[in-house]
Amino acid sequence: MNQLTPIDRDSLWGGAPLSDTEFREIAALLHQEARITLPPQKVTLVRSRLSRRLREKGLKTFGDYIALIRRDADERRQMIDLLTTNHTHFFREQHHFNHLRNEMMPLWRDRKSHEPVRIWSSASSSGEEVYTIAMTLLGQDVREAQWARGANVQLFATDISTEMVAAVRRAEYPKSHHEQIPQPWRKLWTKDTRDGFAIAAEARNLVTASQLNLFDRWPWRHKFEAIFCRNVMIYFNEKAKAELEMRLVAQLAPGGALYMGHSERMVSKAKEFMIPCGHTMYRKPEDRA
Ligand SMILES: C[S@@+](CC[C@H](N)C(=O)[O-])C[C@H]1O[C@@H](n2cnc3c(N)ncnc32)[C@H](O)[C@@H]1O
């Protein structure tokens, strides 16, 4: 019996086949645009996520699609949206929010100056991370919220995906996600809507969302008291990780905290400038600018 090649198998499923060379070209373009590394075992994922786009554009082959993304920047952005993994949830890796609440907030509360408290969710996906930060800062009762109300808290959410940035701005989520938010935060800082729930205006108003590729020039003219860069480093190679770590450390204010994802660690020389302070958490020394 004849063996089916991967390309024959693809043809039997319907839709255009994706050759190894075409996969490598798409991977190279994604790396060039977003620095995301696609290992060869992702070929099926790439084919299935992009096939719909080929149909929408009336393209017959991946060769035609590659020619299109080469010449069309908007189409490349669509490709990034389709190929990035946006999985996230509220209060993900709760120990980071405990640290924020128990170790960082008291420092900010005690500050004499009225400097803003700025926190960056740097691969925010659809916003669950930044709204968890907002709810943590606002606290568990209305009395506690007085501090965030008076403190000039500024939360920034950025993501490479324009669709994700739009989701942060909408701040609306399906009912099935409501239980990810423990009481009393859920009761205080969310509101039921017809289809699910929305983040309350007081939490939403703390947040500014914008599109940003972590490897482009950053627009910041200030440093951050805390940066969340979680569950995105895993998509980058060692060189990209090292470059990003150095830039993140430089963007932290003295004493600032850096939070990384559960399977991520600082891997570069940048970690010499930071003090580990728990699982996937680091602080910049107070005396380092
Ligand atoms: C798995 S989600 C992580 C969401 C959230 N930080 C968390 O931990 O729950 C990864 C996000 O990183 C974004 N991303 C991937 N490459 C990026 C890049 N080069 N610059 C900015 N964001 C990027 C993706 O669009 C995606 O929304």
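Remember, it's 1-based here, ligands and their atoms both numbered in the order they're listed. Since the structure is predicted, the reported quantities are computational estimates derived from the model, not experimental observations. Residue numbers count from 1 along this sequence.
Heavy atoms of A34 come nearer than 4.0 angstrom to ligand 1 in at least one pair. Put simply, part of H87 is less than 4.0 Å from ligand 1, judged by heavy atoms.
When ring centroids are compared, Y259 and F97 stay outside the 6.0 Å threshold. Here the two rings, on H177 and H89, have centers that are 6.0 Å apart or farther.
If you look at V232 next to ligand 1, the close heavy atoms, those under 4.0 Å, all belong to the side chain.
Each of the following atoms of ligand 1 lies closer than 4.0 Å to a heavy atom of L212: 20 (N), 21 (C). Atoms of ligand 1 lying under 4.0 Å from at least one heavy atom of E129, given by number and element, are 5 (C), 6 (N), 7 (C), 8 (O). Contact atoms of ligand 1 toward I36: 15 (C), 16 (N) (distance under 4.0 Å to a heavy atom of the residue). Set against the non-hydrogen atoms of S125, the atoms of ligand 1 under 4.0 Å away are 4 (C), 27 (O).
Ligand 1 has no nitrogen or oxygen under 3.5 angstrom from a nitrogen or oxygen of Y235. Between T88 and ligand 1, at least one pair of N/O atoms sits closer than 3.5 Å. When only interatomic distances are considered, the shortest N/O to N/O separation between M164 and ligand 1 does not fall below 3.5 Å.
Closest heavy-atom approach to atom 18 (C) of ligand 1 among the candidates I80, N213, T132: N213.
With salt bridges taken as basic N to acidic carboxylate O contacts below 4.0 Å, none links R118 and E225. Salt-bridge check for E144 with R101: passed, with a basic side-chain N closer than 4.0 Å to an acidic carboxylate O. With respect to the salt-bridge test (charged N to carboxylate O, under 4.0 angstrom), the residues E75 and R53 qualify.
The protein heavy atom nearest to atom 3 (C) of ligand 1 is R230 O, 3.6 Å. Nearest protein neighbour of atom 11 (C) of ligand 1, counting heavy atoms only, is D159 OD2, 3.6 Å. Regarding atom 17 (C) of ligand 1, its nearest protein heavy-atom neighbour is I160 CG2, 3.7 Å. The single protein non-hydrogen atom nearest to atom 2 (S) of ligand 1 is T85 O, 3.4 Å, given as residue, atom name and distance. The shortest contact between atom 20 (N) of ligand 1 and any protein heavy atom is with L214 N, 2.9 Å. If you check which protein heavy atom lies closest to atom 8 (O) of ligand 1, you get N231 ND2, 2.8 Å. The closest protein non-hydrogen atom to atom 7 (C) of ligand 1 is R92 NH1, 3.2 Å. Ranking protein heavy atoms by distance to atom 4 (C) of ligand 1, first place goes to A123 O, 3.3 Å.
Residues T136 and N98 fail the side-chain proximity criterion, which asks for heavy atoms closer than 4.5 Å. Annotation: side chain of M79 is in contact with side chain of I26 (closest heavy-atom distance under 4.5 Å). Under the 4.5 Å side-chain criterion, counting only non-hydrogen atoms from C-beta, L214 is in contact with V232. Counting only heavy atoms from C-beta outward, the side chains of Y131 and F90 approach each other to under 4.5 Å.
Below 30°, between 30° and 60°, or above 60°: for F224 and F156 the angle between ring planes is above 60°, a perpendicular geometry. In this structure, W147 and W108 have parallel ring planes: the angle between them is below the 30° cut-off, well short of the 60° mark.
Cation-pi check for R35 over F215 is met; the charged atom lies under 6.0 angstrom from the ring centroid and within 45 degrees of its normal.
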